[in-house]
Every structure is written in structure tokens, then in C-alpha cells.
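Right, one structure below, let's go through it.
Order of the sequence lines fixes the chain letters, A, B, ..., with proteins taken first and strands second; residue numbering starts at 1 for each chain.
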2 protein chains.
Amino acid sequence: MRTSQYLLSTLKETPASAEVISHQLMLRAGLVRNVASGLYTWLPTGLKVLRKVENIVREEMQRAGALEVLMPMVQPADLWQESGRLDDYGPELLRLNDRHMRPFVLGPTHEEVITKLIANEISSYKQLPLNVFQIQTKFRDEIRPRFGVMRGREFLMKDAYSFHLGEDCLKKTYQVMFDAYCRIFDRLGLDYRPVIADTGSIGGDASHEFHVLADSGEDDIAFSDVSDFAANVEKAEALAPAGERPTPKAALTEVATPNVRSIEDVAAFLKVESSKTVKTLLVQGIATDDNQAPIVALVLRGDHQLNEVKAENLPQVAAPLTFATEQQLLDEIGCHAGSIGPVGLSVEVIVDRSAAHLADFVCGANKDDVHYSGANWDRDAKNYSIADIRNVVAGDPSPCGEGKIVIKRGVEVGHIFQLGEKYAQAMNCGVLTEAGKNQTLTMGCYGIGVSRIVAAAIEQNHDKYGIKWPAAIAPFQVAIVPMNMAKSARVQETAEHLYQQLQTAGIDVIFDDRKERPGVMFADHELIGTPLLLVIGERNLDKQEIEVKNRISGEKSLLAISDVMSLFTK
Amino acid sequence: MRTSQYLLSTLKETPASAEVISHQLMLRAGLVRNVASGLYTWLPTGLKVLRKVENIVREEMQRAGALEVLMPMVQPADLWQESGRLDDYGPELLRLNDRHMRPFVLGPTHEEVITKLIANEISSYKQLPLNVFQIQTKFRDEIRPRFGVMRGREFLMKDAYSFHLGEDCLKKTYQVMFDAYCRIFDRLGLDYRPVIADTGSIGGDASHEFHVLADSGEDDIAFSDVSDFAANVEKAEALAPAGERPTPKAALTEVATPNVRSIEDVAAFLKVESSKTVKTLLVQGIATDDNQAPIVALVLRGDHQLNEVKAENLPQVAAPLTFATEQQLLDEIGCHAGSIGPVGLSVEVIVDRSAAHLADFVCGANKDDVHYSGANWDRDAKNYSIADIRNVVAGDPSPCGEGKIVIKRGVEVGHIFQLGEKYAQAMNCGVLTEAGKNQTLTMGCYGIGVSRIVAAAIEQNHDKYGIKWPAAIAPFQVAIVPMNMAKSARVQETAEHLYQQLQTAGIDVIFDDRKERPGVMFADHELIGTPLLLVIGERNLDKQEIEVKNRISGEKSLLAISDVMSLFTK
């Protein structure tokens, strides 16, 4: 490709609308342009990357035995009625009517369409297991689309659905998909982690997310520093501290704490570590019969954060998690939020494992502007139960039993689920077994955000000059950058010669034949992130050499023109 | 691919819902399944064909210098407001609102999005010409979707848009696209014709359609039997007959024709050829000032058909073409439709060139149940004008001046337009010229119905057993069909060996490893239309041979197993 016949569309300035680095660089490097909120046109350079990602995903899905199909984006609403999701899905499901006023949706996912198809096509256990996938445009009407294609409304996704006679068969295919996903992200050249995940609203039994690690990621992931263990922070278990709880040494003492309410203020005022204090959060419990829902107290160490998913899963706590109002606190406890504590508290008390391991701690005294020091469980605070209700933090023992927790941020780019029978049951998808009985199928589903991977790769691989693509998904493998070509026939001839040679060899090459200053050309190619630049200048041509700049390592070296092809033979 | 791990989904019965042969065969051969009216899922076999078509289209577009982009399917309605098409497009444009009640459309085409993009990205004449394309899912809300993917609602299309400084540059790219389209349809292995077309509602100056010839096609195409000339029948000019009009010989004579009204009946009753009669059609004219629209008479030879497009283009006739009502005939002429003629008619009369060349013809006498014989222009019927208002018929002289017209049916699979400035002007898409002035760009647009090509290929290539794919787009290049594999270790070993060998060589092979009777397997592979079947049977293995069946020619031959790869070396 010659730049003079190409739509380079690089920008010098960072558009003000772009908040995250990948969005900024995708606009500046001419990968995408915004059409409307959450809707993008992929320009030639961006589409080249997208297609490379797509092809790797397709090849590995096929290698793993999955069959490619293509389902429509516009889906009849009655299929969603049948699965029960038409009401459940919420406003991210864009609903529309056709010219005959028949209701349709724009597909955010395809469980309904595929389950209906398989229910019609498959009748015998002999045709199982079956794993079908598509790489197709999806639409989710995000309330606030942002971060460019990272959280857009229309996007390219690979979704696969597997069908089985029973759990054991599902688990085998789930593992095959897990391995295929690892191969995909290995081939993409990304630093990623498979992470134990919450199954969330899609339902089912087991689930892993695949995260590309990047400081700007939306999700916190907890790793073991010695084993393969990795889990979404929401999902990682916080173990109880080792050993026995220390024996109480201090006496329970009321301390006046005028206008001292936050944990930080209390700890500073009383000159103790916040890890020696507890905080008490009051949330709505579960209503019994006709009674109003009671309030439940959740007690955590001052330096720990509540894990809302864990709290919601407690049998005593209402979901979604709802905090008590200030008025409820005053009515039921008689003080404001900053002065509550577990000593003498009249509501049900659930204590996090770490908080329950403290002795001689500081807590609110259930009177405004008063705290206790020297508080102790059982002696002072009675009638409580213990549970894991906090987020893990760096340094915690890993729940796998090996090593300590390290926390990194990640961008979710894949998600695999063991779905079970949810959709197959709703949509009557079963087969005759060998014994001649009808049996509902068990399903798995496996997603990869193809367009999202492009953004995640940039979040992980960039510097102040622009993108540093992994080789497998770079839009061009190499750029030819001639210096002052207009003034040197020798530079022009060499550039043209190399361009023909590389093209003939099937190398994805861009030849910068613009009459621009060298600085402008370098800036563009560093922004776009082409891994190798071949710089052709008069001086080096005296020795029949060109300069090779490696975008990733930053290294420069001289190379004989006759050796250029050796750069591409591995 | 092994059939045992594949979703073959062939059907023995022809689904009653399918009217045309391509739709029937696409369902029976397991290429597509209906999801809702005009919406289809492409099954693995169908998608393989679709992707092969898509890849040929992409390769030739790239070879022709077009740059691939990807625009969103969901488009903001305000872009359509800006171009003026939001009101013009009609109900095939599906309109919808997002969750914030902002109006969008599902893109049936992308002139607006691309023109807006280029208006923003291109500022200098140096960046021109530019030709961008995408292969992308479109939606048109057809009032009555039918014929399977041939006239579906959601479909895959290649659309390209070129941008130029002036007509001359556009014409060059138009020719480049014309040539690229010829290469595409050549490579697809289809019998096709580029056809001069009406520019229709999309506007612009010149236009060609590309038709795949098939008896079941929706469109009539007129060819010259000696030159390259081909035009849509709507667009083909019917020349005036050669030579002078014969001189009148007969006297104008009233003939009683009780209950004889149609041309066929009149010709039979009076024992003349229908080509010696004329028929007179009354249509609405153009209203002047406050006067009601007058009626206009269109006169054609009895054996000719009115060309409605030509009639609409007459300055005296209202568009869309509207026939006079029976009541208007009685009020204005005083008789019913079957007895009208040009002699003494009080309304404006426009005579087709061929009808105007008749002498001594038969026509209605403007009295019920009465006709004239021996009618002649000028002598009997005065005050008329002459125009080309009929469809050409086989045997007409070709308007190119060489040879005679032959008429064949075709399926439109491509359409190229010289658009001119219509969209660029509406959307303010211009550049600075070399002289520093702002100039509106001139555009071309170029479409190919990718999914439609799959159906058209089947319309053209099938027999009573199923599809006969052109090699380039066959879902599989070859099928291995072992006879009674379960009973013969030797058959099984040979089949497995050949399967490995072909797969390793990168041949797209399907191995029928089902435990089915030979008849069932043959029927499936003939239905699916795999070009070559390798039949492995005990008897031939004695001589280390297999049988090769050619699906296209029907030929069978024996081949040494060691020579199998020679089938694929060309």
C-alpha cells in the first residue's frame, strides 16, 4: 500500500472527547471515526487490525472443532419472549417494530436464535456434541457508551454455543474452549489471564473471564504470586487469618470523638492503625411474612472494603444490596453512620473473617461522637456470625492455598460459561437418547469481544509516541520510509525496489511515498505502530545499506539492502 | 470435515414455503434456515459458500485499488435528513429509536455515512481519487420478503463509493470498477452480462447492472445477437421499423365485433395477425394550472407491450403511470376499454414507432362492439405524435445498430452508478483544488449483492438432483464417500488415508463417515453439489482404485489411489 493512495487519516491533536488512551490512539492513528454515540466506522488501518484479530479467532475456533454459522442481527421478539429474557434484559436490548408493526430486537447475543435452530435441526444424540460459532455484529444500547470501541453500542463479537447430552460432555467442551481461548490470546501476542468469574445474570454453573492486563482496565483481578490462580476480585475468597484470635488485653473504654467519623479520622485521632478499627455498615435484610425488612449490620476491618456480591449472596441480606437510610439509623440505633459499632447492637450482626480475628479494637459506641477502644468479640460484642464479605487485597493469602494475592487491572475480552439447561429447557431443545427417551440438552456459551480486543491491545501496548502492536495484529508488518525521495533518484529507486520485493513476498508493507518531511513520516508510523521501519537515506545508500528501526524495542541498526528479506524469515 | 462432526442438515422433502428453485435447494441442501420473514441463519455449508464469494469480491476490489472500511449498520437519522432521503426512501428504510428516543435507521445503503466521513477526512485534491468499500450487513424492510435470500430483509452486500474532482476522473474509476466486476463474475464461474440500466431513484448519470443469466430471473434483458450490447428491457430502445410506411390500400370500414374485446379475440374474429392491429391505452396526463389532468392515449401494435418507464418519461404523461378508470373512459370516450381506437379520438394521442409504421390496420371504433378495419394514419387518424413507448421483443433490430435483439432472463447481482454530485452537494463534501478553490466532489457507487450471488449461482447451476456449484464457490471441493465402511477395514483405512492426505494438502474435503446406505450418501452430496465424489468400494480396491464421479459432467471414471492428488493440480 502506498500512503498516497491510502486513507491514512492520522491526527496530530488528541480529540478532547476521548477519555482513555486506546480511544485517543485509535482516533489519532486513523483506526476509527465516530458516527454517533457508541457507533464507529472502522477506517482501513483499523479494519486491517480487526480482520487480523477476527482471523486468528476463527482459525482457532475451527481448529477446536467448532462450526461457523451466521445468524441475523435483527431477531424476532417472540424468541426472547419464549426464553423469558424479553422482560428481563432491560433497556440495553434495543426493541423495534418492522413496517408491519411486528416486534423485533437488535441482537445483543444469540442464545435464543441458536437454541431454536438446534431444537429444529438436531433430533438424535448421535449428532452431539455440537459447538457452533459466529463472528457477527452485535448491538447493545449502552446507557452511556464510552471509551471508544471498548464500550460501544455496535461491535463485532465471536459467540459460540455448545450442545451436549449432560454435564460431563459440557465440561469436556468447556475445557476445549478454555484451551482454544488461551491459544487465541497467545497468538494475538497479548499478556492475559483466564480468571474465575461470577456467572452473573446469564446464569449457569461455571465461568471464566479472559482479561488483557492493562493499568487502565475496568476490572480488578486477584492473582496468586506463585500459582496459576486468578479470579475477579468480586469472586476471590478472602480466607480467615491464620492462627488463633489474640486474647483481649485492654478494657472496653468509651472515648469522646467529637466530629470524628470516618475511619481515617478515628484512626488518626486515636493514634491507631485503621487495621485495628472496625467499621459497621447497615443494610436492608430480608422481610419475613408481613413484617418490614429488618436492618442487618455488616462489620469489616477499617482498612477493608465490602464486597457487595458476597454480601448480596448472604441469606440474611436483600439483593440488590441496599444501604439503610440515615433516618433508619437514627430510628433504630439512635446515632449517625460514623458512630455505629457492634457492641450492644440490637440488630443481626455479620462479621467479616478478618474483623472477627481482631482483639482490643476500636469501634463506634452507637452514640454520636463517641467510640470504644479496647473492644473485644464475645466479651463485649456478642451474638454475631462470621462470613467472607470483603474484597481481597494485595498481600492476602491466595485462596488456592499457595502464595499471596497480587492485584492487577484487566480489560475483559472473553467470557466462557457453563450455561446448563436454562435456554434448552425454555425453548424445548432436546433429543432422543440412546435409550429412546427425550432429554433436554445442556449448553455452554463462549464469547470474545473482537473489536474490544483491538482497544485492549492498545491499552496494553503503547508509549508516548503511539501504538506498539504485537506483530500478529499490526496493520502493517513493515513501513518503507524514504528520506527526501523527491530529491534523490537513488532513494526513490531503492524504495520502489524494496516495495515491489516485499509485496511480491506477500509481506504486508506500507510505502510512505508522500512528499512529507522525515519528522512527519516518522511521527505517523510511530503513531500507527508499525513494528519495523525501513529508513532509506542517501548517506547509507553509499554502502548499499538502509536503517532498520524496531518500533517495539526502539533499536536502530544498519542492514544491507540485499538482506532485507531476512527480517521476515522466521 | 467429517459429516459425523458436521451440521449437514439436508432435507429430503422440499419445504412448501419455497417458491423458487434456489430457495428450495438452499433449504434442502442445508445452506440456510429461516428465522423470521426475510431473515435467515446461514448454516455451515451455506456460510462456506458465502465466504468464498465474499473473498473473491474482496480480493478483486483490493486489486482494483479500493480501500476496505466498515461502517455501522445502525445510522443516525439526522444524516438521512441532511441528504434528503429520510422522507424520500419510503418504508423499506427501517426507522427506530434508541433508549434516549434519538432517531436512527438500519442502513439499507451507506451513501450518507461515507459522504460525511470523506467530507471530514479529505481536505485536499491531492488525496483524490479515493475509492472505499465495505462488505457489510444491510437491512431493507421489504414489504413482502420472498425467494429466500434472493429478496431477504437482512443481507450481505459489498458497497463501494468513489470520490473525484470532476466527471473525467469518475469515468476512469467507473471503468476500473466495471472491469473489476467482470473479473469477479468470471472468477465466480457464472454466466453473466453487464447491462445498461436505468439509474432509477438513486439518481446520477450512467449505470450498469450485472445480471447472472437464469431462466427464473426476475428481470428481462435484451441482447444483440452479434455485438456486446445488453440492456435492461426497460432501458432498451425500440427503433422505428426500417423503410417507408406502406401506402394505404384498404378503405376504412366499420365492422360489428359483438363481445369481441381483447386483441387476441379481435385478431381471431377478423382473421388478421395481431401485428396488424393496434391497441389504445388511456392514461392520466399532466394537470395544467387548475384544470383536471387530461387523459392521454397511448397506441401500440397489438402484439407489443407498453414500457411503463418510457411512458412515464413522456412530458405529457403523469408519473407514476396511472391508467384511466372505466368511468373516465365512459365519460370521455363513450365506450369501454376494448373498443377504443385512434380514429377520431378527442384526446392527445401518442403512437409507438412500430404502430405508427402500420397501414390498413384494425383498431377500436370508439363505440362498444365496433372496430375499424383498413384504418390508416393521417388519412383516418390525425393529430398524433410518435414516440418509443414499448418494450423491445426478440427479433427487433438491436439499438446498437448491429444484429437483432435476443431476450433472456437475469438475476441482478451488481449495480454500478455514476452518482454525480447529489450526495456530496447535500452533505457539503468538497476539497480545495490546486487553484485553492473549494469544489464539490463527484461520486460513483458500486454494489454487489454478496448473499444474492449464492442464490443466483444456484438458479443458474442445478439439476433435478441438486446444486451444481462452480468450482470456485463450492462449499467443498471434494467428498469422500466410502461404501459400507463399517463392514470393511480396507475401505475405512483407504478413506481415512485419503482424508488425511487431502486435508494436509489444504483441499477443502468432506469425509462422509456416517453409517448410512450409499444411496443416502450419494443423494446428500449430489444435493449439496460437491464437484467431485471419491467413491471407495471393496471391489475397486482390489486394483488399488477408487471411482471418481464428476457432479457437473456426470462422468464416472476409475482412478489409481496413488493418483488422487492429480485431480487437484491445475
Side-chain angles (χ1 to χ4, degrees), chain A residues 1 4-7 9 30 33 35-37 39-44 46-48 50-51 65 67-76 78-79 91-92 94-100 102 104 106 113-114 116-118 120-122 126-127 130 132 134 136-137 139 141-143 153-154 156 514, chain B residues 1 4-7 9 30 33 35-37 39-44 46-48 50-51 65 67-76 78-79 91-92 94-100 102 104 106 113-114 116-118 120-122 126-127 130 132 134 136-137 139 141-143 153-154 156 514:
Chain A
M1 189 57 65
S4 63
Q5 294 165 15
Y6 191 67
L7 193 59
S9 281
R33 285 296 180 266
V35 175
S37 175
L39 301 175
Y40 291 86
T41 289
W42 290 77
L43 297 179
L47 188 62
K48 283 174 74 74
L50 188 70
R51 294 274 183 246
L67 301 172
E68 190 172 4
V69 299
L70 182 63
M71 294 179 263
M73 183 165 172
V74 176
Q75 306 177 4
D78 55 7
L79 286 181
E92 283 185 16
L94 188 64
R95 295 136 212 258
L96 55 115
N97 292 313
D98 74 0
R99 64 193 287 164
H100 304 297
R102 284 180 298 226
F104 287 84
L106 285 190
V113 177
I114 194 67
K116 197 69 176 179
L117 177 82
I118 297 301
N120 289 331
E121 297 303 317
I122 297 289
K126 291 181 193 166
Q127 295 168 281
L130 194 66
V132 293
Q134 63 175 354
Q136 187 260 6
T137 304
F139 194 93
D141 202 2
E142 295 277 351
I143 189 163
R153 293 201 284 180
E154 192 173 317
L156 193 64
R514 295 176 294 173
Chain B
M1 189 57 64
S4 63
Q5 294 164 17
Y6 192 66
L7 193 59
S9 282
R33 285 295 181 266
V35 174
S37 175
L39 301 175
Y40 291 86
T41 288
W42 290 78
L43 298 179
L47 188 62
K48 281 174 76 75
L50 188 70
R51 293 275 183 243
L67 300 172
E68 189 173 4
V69 300
L70 182 62
M71 293 179 264
M73 182 165 174
V74 176
Q75 306 177 5
D78 55 6
L79 285 180
E92 284 185 16
L94 189 63
R95 296 137 212 258
L96 54 114
N97 291 313
D98 75 359
R99 63 193 289 167
H100 304 297
R102 285 181 297 228
F104 288 85
L106 285 191
V113 176
I114 193 68
K116 197 70 177 177
L117 178 82
I118 297 301
N120 289 330
E121 297 303 317
I122 298 289
K126 292 182 194 167
Q127 295 169 281
L130 195 67
V132 293
Q134 62 175 353
Q136 187 260 6
T137 304
F139 193 93
D141 202 2
E142 296 277 352
I143 189 163
R153 296 199 283 179
E154 191 174 318
L156 194 64
R514 295 177 294 173

Ranked by heavy-atom pairs below 4.5 Å to chain A, first place among B/L130, B/I143, B/N120, B/L7 goes to B/I143
Tightest non-hydrogen contact, residues A/L94 and B/D98, listed as CD1-CA, 3.7 Å
So, the part of B/Y6 with a heavy atom under 4.5 Å from chain A: the answer is both
Of B/L39, B/L106, B/N97, B/L79, the largest count of non-hydrogen pairs under 4.5 angstrom with chain A goes to B/L39
Of B/R153, B/R102, B/Q127, B/M1, the largest count of non-hydrogen pairs under 4.5 angstrom with chain A goes to B/R153
From the list B/M71, B/E142, B/E121, the residue making the most non-hydrogen contacts under 4.5 Å with chain A is B/E121
Honestly, the part of B/T137 sitting under 4.5 Å from a heavy atom of chain A is neither
Under 4.5 Å to a heavy atom of chain A? For B/V35 that would be both
Pair count under 4.5 Å, heavy atoms only, with chain B: among A/L50, A/V74, A/L96, A/L156, highest is A/V74
Whatever's closer than 4.5 Å to a heavy atom in chain A on B/L47 counts as side chain
Closest non-hydrogen atoms of A/Q5 and B/L67, given as atom of the first, atom of the second and distance, are O-CD1, 3.8 Å
So, the part of A/L117 with a heavy atom under 4.5 Å from chain B: the answer is side chain
Tightest non-hydrogen contact, residues B/Y40 and A/P72, listed as O-CD, 3.4 Å
Sequence neighbours excluded, the answer for salt bridge (charged side-chain N to carboxylate O under 4.0 Å, His left out) partners of A/R99 is none
Ranked by heavy-atom pairs below 4.5 Å to chain B, first place among A/E68, A/R514, A/H100 goes to A/E68
